[in-house]
> 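Please read through the structure below; I'll follow up with questions.
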Amino acid sequence: MASSSPKAARSLIWTGLESIGLSGVSFVTLVVLARYVSPADFGVASMALAVIQLLGIPLEMGFHDALVQKKDADKLHFSTAFVATTSLGLLLCALCWLCADVFSQMVHDPMGGEVLKWMSLSLPATGIGSAVVAWQRREFQFRSLAVRSLVARLVAAAIAIAMAVLGAGVWSLVAQQVLMVGLSTATLWALSNFRPNLAFSRSRFIELARFGAKSTASLLLVFSIQRVFMLIVGTRFGPEQAGHLNLAFRAVDMLRDLMAQAVSQLALPLFSRHQDNRPLLFEKFGAAVTLTCGLAMPVFAVFAACAPEVIAVVFGPKWIPAIPYIVVLALMTFQSFARMFASPLMTSLGYPQYSIPSQFIQMGIITVGMLTIGGTSTDAAMAVWVFRALFVTPIDMWRMKRTIGLGFAAQIPNVGRTLLIALLAAAAAKAMGIWVVPELPALPRLIAMASTGSLLYIAMSVTLNRPFTGRLFDMARTFRVARA
C-alpha cells in the first residue's frame with residue numbers, strides 16, 4: 001500500500017514479515033502433514049475447524065473494528081471488551097462439548113465430535129487476546145503482533161509435525177490449532193505494555209456492541225460462506241472429498257495471505273486516519289488496489305497454470321483429486337484481490353454494515369445451490385462457489401458507488417490491464433509445460449513454467465503497465481525513508 005507516512009511504511013514492513021513468516025511456516029507444515037495425514041482425517045479436522053472458526057469470529061472481531069476506529073477509545077473500552085470476549089469464549093467452548101455428539105452425526109464420523117471438543121479449547125484463548133490485538137493494531141504496534149504470531153506458529157507447527165510423523169493422524173491437526181492460538185495469546189500478553197483489566201462498563205459495552213455488531217455480522221457472513229460450503233461438501237460427499245477441498249483452500253489461502261495479509265491488516269487503521277479527507281482517502285484506496293492486484297494476480301495466474309506440477313512436487317499423488325479445486329480457487333482470487341479493500345474503506349467511513357446484503361445473497365446462493373444442483377457432484381459444487389462471487393460483485397460495486405460516490409472505474413483502478421497481462425503470462429507458462437518441456441520431470445518442468453510466466457509478466461508490466469510500476473517505485477521510495 002503506497003503511503004507518504006514512514007510510520008505506516010514501517011508497520012507494513014512488520015506486517016509483511018509476519019505474513020511471510022506465517023505463510024512460510026504454514027506452507028511447510030501443510031506439506032509435511034499432507035504426507036502423513038490422510039485426506040479423510042484432513043476432512044474431519046477441516047469440518048471441525050470450520051465450526052471453531054465461525055464461533056471465533058465474534059471473539060476476534062466483535063469489538064475489534066470499533067476499538068480501532070473509535071478516536072476516543074479509553075482503557076475502560078478495552079477492558080470491557082476483554083471481559084466480554086473472555087466470558088463468551090468460555091461459553092462457546094462449553095457449547096461445543098455439549099453438542100459434540102450432534103456434530104458427529106452431522107459429519108457421519110464418530111471422531112468428529114471428539115475432534116470438535118478438543119479443538120474448541122482454542123476459543124477461550126482467542127477471547128483473552130482479542131482486546132490486546134485491537135489495541136496494538138490501533139497503535140500500529142505490528143512488531144509485537146508479528147513476533148507473537150511467528151513464535152506461536154513455529155512451536156505449534158513443530159509439535160504437530162512431530163505428532164504426525166509418530167502416527168497421531170487427525171490429532172496432530174487438533175494440537176496445531178489449540179497450541180497455535182494458546183501460545184499466540186500467551187506471547188502477546190508477555191510482550192505487550194498494555195493489559196486490560198476486569199473492569200466492565202455497561203454503557204461502553206453497548207457503545208462498542210452497536211458498532212461491532214454491524215462489522216461482525218458482515219465478517220461472520222463472509223467467513224460463514226466458505227465454512228458452510230465446506231461443511232455441506234463434507235456431509236454430502238464424505239470426509240475424503242472434504243479433505244481434498246480443504247487442501248486446495250488452504251494452499252490457495254496461504255499464498256493469498258502471503259501476498260495480501262500485511263496490507264489488509266494495515267488498511268483499516270490507515271484508512272481511518274484519513275476518514276475526514278475523502279479525496280486523499282480515495283487516493284490511498286486506489287493505490288492499495290493497484291499495487292495489490294499488480295503483485296498478486298500474476299502469482300495466482302501462474303499458480304493455476306502450474307497446479308498439476310505443484311501437486312506432484314509438493315503434496316504427492318494422493319492429492320491429485322485436489323488439482324481442479326486449486327485451479328478454480330486460484331483464478332477466483334482475482335475477484336477477491338480487486339475487492340479486498342472495499343470493506344476497510346467503508347468501515348473507515350462509518351459503514352461497517354454495507355456489505356451485509358451482498359453477503360446474505362452469497363449465503364443464499366451457497367445454501368440453495370448446494371442443496372440442489374451443487375449436491376449432485378463436486379464439479380457442480382465448485383460451479384456454485386464460482387457463481388455466487390461473480391453474481392454479487394457488480395451489486396457490491398453499485399452499492400458502494402451509491403453510498404460514498406466512488407465510481408466503478410475508481411473502485412478497480414488498472415485492474416483490467418493487470419488481469420490481461422497476468423493471464424498472458426499464465427498462458428505462456430502453460431504453453432512452456434505442454435509444448436517445450438513436457439518430457440521433463442515435474443520439478444524442473446515447474447521451474448521452467450514458473451520462470452517463463454514470471455519473466456514475461458515483469459517485461460510486460462514495465463512496458464505496458466506504468467500505473468502499477470509507478471506505484472511500486474513510490475512504495476519503494478517510502479520504504480527507504482522509513483528505514484532511514
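Keep in mind that the numbers below use all heavy atoms, side chains included, and drop hydrogens, waters and symmetry copies.
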> Can you tell me how far apart CZ (Arg388) and OG (Ser358) are? Round to the nearest 0.5 Å.
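So the gap between those two atoms works out to 10.5 Å.
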> Please check if any side-chain donor atom of Ser336 sits under 3.5 Å from a side-chain acceptor atom of Arg256, or the reverse.
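No.
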> Any heavy-atom pair between the side chains of Trp171 and Gln176 that's under 4.5 Å?
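No, too far: nothing below the 4.5 Å cut-off.
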> When you measure from the side chain of Ser130 to the backbone of Gly127, do you find a donor-acceptor pair of N or O atoms at a distance under 3.5 Å?
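Yes.
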> Quick one: CE on Met47 to CE on Met230, what's the gap to the nearest 0.5 Å?
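Reported to 0.5 Å precision, the distance equals 9.0 Å.
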> Taking the side chain as every heavy atom from C-beta outward, state whether Pro357 and Arg399 have any atom pair closer than 4.5 Å.
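In contact.
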> Starting from the C-alpha separation in whole Å, work towards a yes-or-no answer on side-chain contact (heavy atoms from CB on, under 4.5 Å) for Thr378 and Arg236.
CA-CA 9 Å; Thr378 53; Arg236 282 297 183 101; over 6 Å; no
> Check whether any side-chain N or O of Thr333 sits under 3.5 Å from a backbone N or O of Ala330 as a donor-acceptor pair, and report yes or no.
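Yes; at least one donor-acceptor contact below 3.5 Å.
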> Heavy atoms, side chains only, cut-off 4.5 Å: are Gln241 and Leu245 in contact?
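No. Closest side-chain heavy atoms not under 4.5 Å.
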> Is it true that Phe82 and Trp189 have ring centroids separated by less than 6.0 Å?
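That pair passes the under 6.0 Å test.
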> Report yes if the side chains of Leu173 and Met163 come closer than 4.5 Å at any heavy-atom pair, otherwise no.
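Of all side-chain heavy-atom pairs linking Met163 with Leu173, none is under 4.5 Å.
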> Do the side chain of Trp319 and the main chain of Ala34 share a donor and acceptor less than 3.5 angstrom apart?
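Side chain of Trp319 to backbone of Ala34: a pair is present.
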> Step by step, would you call Ile356 with Phe360 a side-chain contact (heavy atoms from CB on, under 4.5 Å)?
CA-CA 6 Å; Ile356 291 179; Phe360 269 118; 3.3 Å; yes
> Which distance, rounded to the nearest 0.5 Å, do you find between the CG of Leu55 and the SG of Cys96?
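Nearest 0.5 Å value for the CG-SG distance: 5.0 Å.
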> To check you understand the geometry: which heavy-atom pair defines the closest contact between Cys93 and Leu123, and what is its length?
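Closest heavy-atom pair between Cys93 and Leu123: N-CD1, 4.0 Å.
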> Has Gln275 got a side-chain atom pairing as donor or acceptor with Ser272's backbone, closer than 3.5 angstrom?
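Side chain of Gln275 to backbone of Ser272, a donor-acceptor pair under 3.5 Å: yes, one is there.
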> Considering non-hydrogen atoms only, spot the tightest contact between Ser104 and Gly113 and give its length.
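For Ser104 and Gly113, the tightest heavy-atom pair comes out as OG-N, 2.7 Å.
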> Out of curiosity, Arg250 CZ to Leu33 CG, how far, rounded to the nearest 0.5 Å?
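Result: 7.0 Å between the selected atoms.
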> Is there a side-chain contact between Leu49 and Asn246 (heavy atoms, below 4.5 Å)?
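In short, these two side chains do not touch, never coming nearer than 4.5 Å.
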> Quick check: does any side chain N or O of Thr292 sit under 3.5 Å from a backbone N or O of Val289, one acting as donor and the other as acceptor?
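Flag not set: sc Thr292 to bb Val289 has no pair under 3.5 Å.
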> Any non-hydrogen side-chain atom of Met363 less than 4.5 Å from a side-chain atom of Gln359?
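They are not in side-chain contact.
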> Can you confirm whether more than 12 heavy atoms, excluding those of Ile373, are under 6.0 Å from its CD1 atom?
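Result for CD1/Ile373: open.
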> Testing the basics here: between Val44 and Gly112, what is the closest heavy-atom pair and its distance to 0.1 Å?
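Nearest pair, atom of Val44 first, then Gly112: CG1-CA, 4.0 Å.
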> Do side-chain atoms of Thr235 reach the backbone of Ile232 as a donor and acceptor pair under 3.5 angstrom?
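Confirmed, Thr235 side chain pairs with Ile232 backbone.
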> If I compare all heavy atoms of Ala81 with all of Leu208, which pair ends up nearest, and what's the gap?
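Scanning both residues, the minimum pair turns out to be CB-CD1, 4.4 Å.
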> Is the side chain of Ser46 donor-acceptor paired with the backbone N or O of Gly43 at a distance under 3.5 Å, no angle test?
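The answer is yes, because a donor-acceptor pair under 3.5 Å joins these two groups.
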> Decide yes or no for Val51 and Met119: does some side-chain heavy atom of the first lie under 4.5 Å from some side-chain heavy atom of the second?
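Sidechains of Met119 and Val51: no contact.
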> Provide the full list of salt bridge (charged side-chain N to carboxylate O under 4.0 Å, His left out) pairs with a residue in residues 334-356, sequence neighbours left out, each pair given once.
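Those involving residues 334-356 are Arg339-Asp396.
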> Donor-acceptor pair, Thr393 side chain versus Leu390 backbone, under 3.5 Å?
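Answer holds: no.
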> Is the count of non-hydrogen atoms from other residues, nucleotides or ligands lying under 6.0 Å from Tyr36 atom OH greater than 12?
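No, because the 6.0 Å sphere around OH of Tyr36 holds 12 heavy atoms or fewer from other groups.
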> Heavy atoms, side chains only, cut-off 4.5 Å: are Trp385 and Leu329 in contact?
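The answer is yes; the side chains approach within 4.5 Å.
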> Tell me, with the steps shown, if Leu281 and Leu349 meet side-chain contact (heavy atoms from CB on, under 4.5 Å).
CA-CA 10 Å; Leu281 174 60; Leu349 290 172; 3.5 Å; yes
> With salt bridge (charged side-chain N to carboxylate O under 4.0 Å, His left out) as the rule and sequence neighbours excluded, what pairs involving residues 35-60 come up?
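Output for this query is empty, none listed.
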> Answer with yes or no whether the side chains of Thr80 and Ser201 bring together a donor and an acceptor at under 3.5 Å.
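Side chains of Ser201 and Thr80: no pair found under 3.5 Å.
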> Between Phe334 and Phe300 (judged by ring centroids, cut-off 6.0 Å), do the two rings come close enough to count as a pair?
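Ring centroids of Phe334 and Phe300 are no less than 6.0 Å from each other.
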> Heavy-atom count check: over 12 atoms from other residues, nucleotides or ligands less than 6.0 Å from Lys401 NZ?
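Atom NZ in Lys401 is not crowded, with 12 or fewer foreign heavy atoms closer than 6.0 Å.
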> First locate atom CG of Leu247, then atom CZ of Phe315, and finally report the distance between them rounded to the nearest 0.5 Å.
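That separation rounds to 5.0 Å.
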> Looking at Thr126 and Thr185, what are the two nearest heavy atoms and their distance?
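The answer is N-OG1, 4.4 Å.
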> Answer yes or no: is there a donor N or O on one side and an acceptor on the other, between the side chain of Ser87 and the main chain of Ala84, under 3.5 Å?
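Between the backbone of Ala84 and the side chain of Ser87 there is no qualifying donor-acceptor contact (under 3.5 Å).
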> Using the ring centroid of each side chain, check whether Phe249 and Tyr325 are separated by less than 6.0 Å.
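Distance test on ring centres: not under 6.0 Å, no.
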> Which heavy atom in Thr85 sits nearest to a heavy atom in Leu59, and how many Å separate them?
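So the two residues come closest at O-CD2, 3.3 Å.
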> When you look at Val328 and Val386, which way does the side-chain contact (heavy atoms from CB on, under 4.5 Å) test go after all the steps?
CA-CA 8 Å; Val328 171; Val386 172; 3.5 Å; yes
> Judged by atom type as modelled, is there a donor-acceptor pair below 3.5 Å linking the side chain of Ser79 to the main-chain atoms of Asn197?
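Pair found, side chain donor or acceptor close to backbone of Asn197.
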> Measuring from Leu116:CG to Trp97:CH2, what's the distance to the nearest 0.5 Å?
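Spacing of CG (Leu116) from CH2 (Trp97) equals 10.0 Å.
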